[in-house]
Amino acid sequence: MRRRLPRSVALPAAAALLLFSAAPANADPTYPTTPIPQPANPGQAPISAPIGPQPLGQAVGDAGTALGIIRLLPNAVPTSTILPGFGDTLPKQSALEAGMGLSSASANSDAYLSYEKAIAQASPFGLSVGGNAPQTPGSVVQTALPDNPQPISGGLNAPSNPLLNVGLLNGSAHARWSPTLGPCVDTIADASTSVASLSLLNVIPSMPNLGLDKLALDPSTLAKGFDLTKGLQSLGGLLQGGGQTAADGTGSLLSLPNTLSSRSQVKLVDVAGSKNKAVQSTSTLQAADIEILKGTPLALSIKVASQPTLKVTSTGDAKTSKVEYTAPVLTIEAAGKTLYTLDAAHPTKDIPIGLPLTGLSDQFGQLNDIPVVGGLVSTLTKGIQQVSNTTGTVLDLGVLRLSIAGLDQKSAQMTTPFKGFQLGASARLFDLQLLPTTKLKSLLPADQAKNLPSSLAQLSLGEQVARAYAPTGGVICGSTLTPPAGGQAPKGPVKNLAYTGGAYDTVPLFWSGTAMLLLGVVMVAAMPGTRRRPLAVAVEPKPFKPSPRPRK
């Protein structure tokens with residue numbers, strides 16, 4: 001049975017979604033939990049102590065994975081805050097961010113509300129407009145407390161649209177928390193998502209909607225047979241353009257025909273030589289083939305040779321805490337031939353997109369009416385050909401920048417909400433950026449060229465974020481009535497009870513008032529009763545005087 005997310009946890013869940021679009025990892029975050037209410041008046045009584053045995057262990061951690069994220073006009077919108085002038089110090093947001101296949105797992109022992117201790121969420125998609133991210137429908141969410149012996153799962157078929165087309169999405173979420181042992185369970189939070197197929201961008205909405213015949217260039221300089229009516233938003237006919245994305249990814253800038261899955265997990269693990277535990281956050285991703293410009297003669301295929309895994313472990317000590325990352329290895333192929341390899345040594349490759357000029361038709365003959373991609377040109381007679389030197393034969397429209405995001409990690413000694421050590425890291429499997437060039441700006445009208453940003457669109461696959469925060473010495477597994485690791489349990493019940501605003505014990509005050517009331521009743525009952533007689537008062541009668549008659 002699907003469990004509805006409470007309204008009061010909508011903010012923490014939405015903030016968890018933003019973890020995927022926030023790179024790099026933050027070293028000193030403010031955890032999105034409900035603040036502890038404070039007394040309105042200085043003399044008001046504070047919140048009473050909890051009843052029963054309480055967990056001794058303190059642990060904070062979160063992990064998140066996004067299967068895919070689209071960013072239009074990244075770093076273009078200023079961040080707005082309620083504090084005057086503070087938004088100028090924050091990085092700018094994207095005009096639009098759309099994510100799909102989001103999974104997040106978080107644990108926070110110091111959360112005020114009980115169901116914020118552990119949160120696991122699998123969302124089919126998320127949306128952020130100018131940095132504002134509402135809660136999305138169709139999410140599978142599980143919170144603890146109360147504890148959940150079994151996970152929940154669900155599926156969703158998202159409608160197709162010009163930006164993305166998502167196949168069947170399945171999600172699972174499991175949140176655990178012990179009333180007496182707190183985070184000392186098998187796995188605190190575990191969320192996973194899988195998508196059958198995925199295709200992104202069959203049109204570039206941030207590109208000026210102009211036909212190639214509207215550009216400031218001489219048509220006679222283009223190669224014979226090239227169609228000038230192809231618009232810029234379809235990258236000169238490479239993309240399907242308009243309408244909706246095809247189910248198989250044909251005509252899209254990027255597509256994944258096979259299953260893509262992610263998993264985010266937070267749990268406690270053993271520490272060598274210690275009875276206490278460490279906090280471990282893990283983000284894993286499983287991907288197969290990635291297609292670029294599928295359905296065109298110049299389609300590129302990316303093979304994922306190794307799957308990325310990000311694991312962050314905090315023991316509470318900077319010397320023993322660590323980040324483990326398995327970097328992906330991607331090979332880019334075209335027509336069965338390996339063109340490039342992306343790995344830690346070669347993380348970035350730029351693939352230019354340009355219009356064919358007459359020099360190419362003189363060299364290769366009749367050309368197809370599609371742009372040149374990465375020095376590859378499609379001809380009608382010779383098929384796909386490699387252009388050794390594009391100088392003077394290709395007019396650049398933009399650049400497809402392919403990259404794998406290297407590991408970015410930060411750490412900090414923390415004192416709030418407890419003294420300990422925090423470690424965080426972020427990485428991405430694959431980035432594709434569409435960058436305009438100086439030549440493209442020179443071809444556009446002046447009013448549109450000045451508003452053209454440095455990046456038109458950014459596609460990210462497999463964004464991973466993980467943070468772990470443990471107290472100094474590790475997480476203690478125990479409760480106030482059980483012996484903790486390396487310590488003694490308190491004997492007997494708690495002697496000091498809650499206090500009122502007058503600094504009196506609640507129970508003694510009650511019995512004192514009761515005893516005084518009984519004493520008053522006894523004293524009244526024991527007093528001898530004497531009835532007082534009423535005093536007799538003599539009243540002298542006044543003589544009767546008739547009133548005079550009025551004169552006529």
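Values reported hereafter were calculated over all heavy atoms of this structure, with side chains retained and with hydrogens, waters and symmetry mates removed.
Nearest heavy atoms, A425 versus L407: CB-CD1, 3.9 Å. The shortest heavy-atom contact between P328 and P308 is CD-CB, 4.1 Å. Of all non-hydrogen atoms in P183 and L268, the two that sit nearest each other are O-CD1, 3.4 Å. The two residues S321 and S314 come nearest to each other via the heavy atoms OG-CA, 3.4 Å. Scanning all heavy atoms of the two residues, the minimum distance from L342 to S403 falls at CD1-N, 4.1 Å. The two atoms that bring W177 and A107 nearest to each other are CZ3-CB, 4.4 Å, heavy atoms only.
Note that CD of Q280 is 8.0 Å distant from CD of Q265, once rounded to the nearest 0.5 Å. The structure places CG of L402 at 9.0 Å from OG1 of T348, a figure rounded to the nearest 0.5 Å. Taking CZ of R467 as the start and CG of D62 as the end, the distance is 4.0 Å to the nearest 0.5 Å. Note: L300 CG to L400 CG = 8.0 Å, rounded to the nearest 0.5 Å. One finds the NZ atom of K419 at 8.5 Å from the CD atom of Q413 (value rounded to the nearest 0.5 Å). Rounding to the nearest 0.5 Å places OG1 of T143 at 12.5 Å from NZ of K117.
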Next on the checklist: Evaluate Q409 against S411 for side chain to side chain donor-acceptor pair (under 3.5 Å), listing each step before the verdict.
Outcome noted: CA-CA 7 Å; Q409 64 181 71; S411 60; over 6 Å; no
Next on the checklist: Between T284 and T65, does the side-chain contact (heavy atoms from CB on, under 4.5 Å) criterion hold? Intermediate values first, please.
Outcome noted: CA-CA 7 Å; T284 57; T65 312; over 6 Å; no
Checklist entry - Can you check side-chain contact (heavy atoms from CB on, under 4.5 Å) on I404 and D431, steps first, answer last? => result CA-CA 6 Å; I404 54 175; D431 270 352; over 6 Å; no
Next on the checklist: Determine whether I290 and V304 satisfy the following criterion, side-chain contact (heavy atoms from CB on, under 4.5 Å), listing intermediate values before the conclusion.
Outcome noted: CA-CA 8 Å; I290 303 172; V304 183; 4.2 Å; yes
Item to check | side-chain contact (heavy atoms from CB on, under 4.5 Å) assessment of I119 paired with N108 | outcome: CA-CA 9 Å; I119 302 175; N108 190 351; over 6 Å; no
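The backbone N or O of N148 lies less than 3.5 Å from a partner atom in the side chain of R176, making a donor-acceptor pair. A donor-acceptor contact shorter than 3.5 Å is absent between the side chain of S283 and the backbone of V465. No donor-acceptor pair closer than 3.5 Å links the side chain of Y469 to the backbone N or O of G424.
Here A105 pairs with A189, S264, V266 under the side-chain contact (heavy atoms from CB on, under 4.5 Å) rule; sequence neighbours left out. The side-chain contact (heavy atoms from CB on, under 4.5 Å) test applied to P53 returns T180, S479, T480, L481, not counting sequence neighbours. Every residue two or more places apart in sequence or in another chain that forms a side chain to side chain donor-acceptor pair (under 3.5 Å) with K277 is listed here: D270. Scanning for side chain to side chain donor-acceptor pair (under 3.5 Å) contacts around D317 gives an empty result, with sequence neighbours left out. Residues satisfying the side-chain contact (heavy atoms from CB on, under 4.5 Å) test with T193, not counting sequence neighbours, are L67, S103, A122, S262. For T320, the side chain to side chain donor-acceptor pair (under 3.5 Å) partners two or more places apart in sequence, or in a different chain, are T315.
Using a 4.0 Å cut-off between charged nitrogen and carboxylate oxygen, D190 and R263 count as a salt-bridge pair.
Side-chain contact between K267 and V269 is present, with heavy atoms from C-beta onward closer than 4.5 Å.
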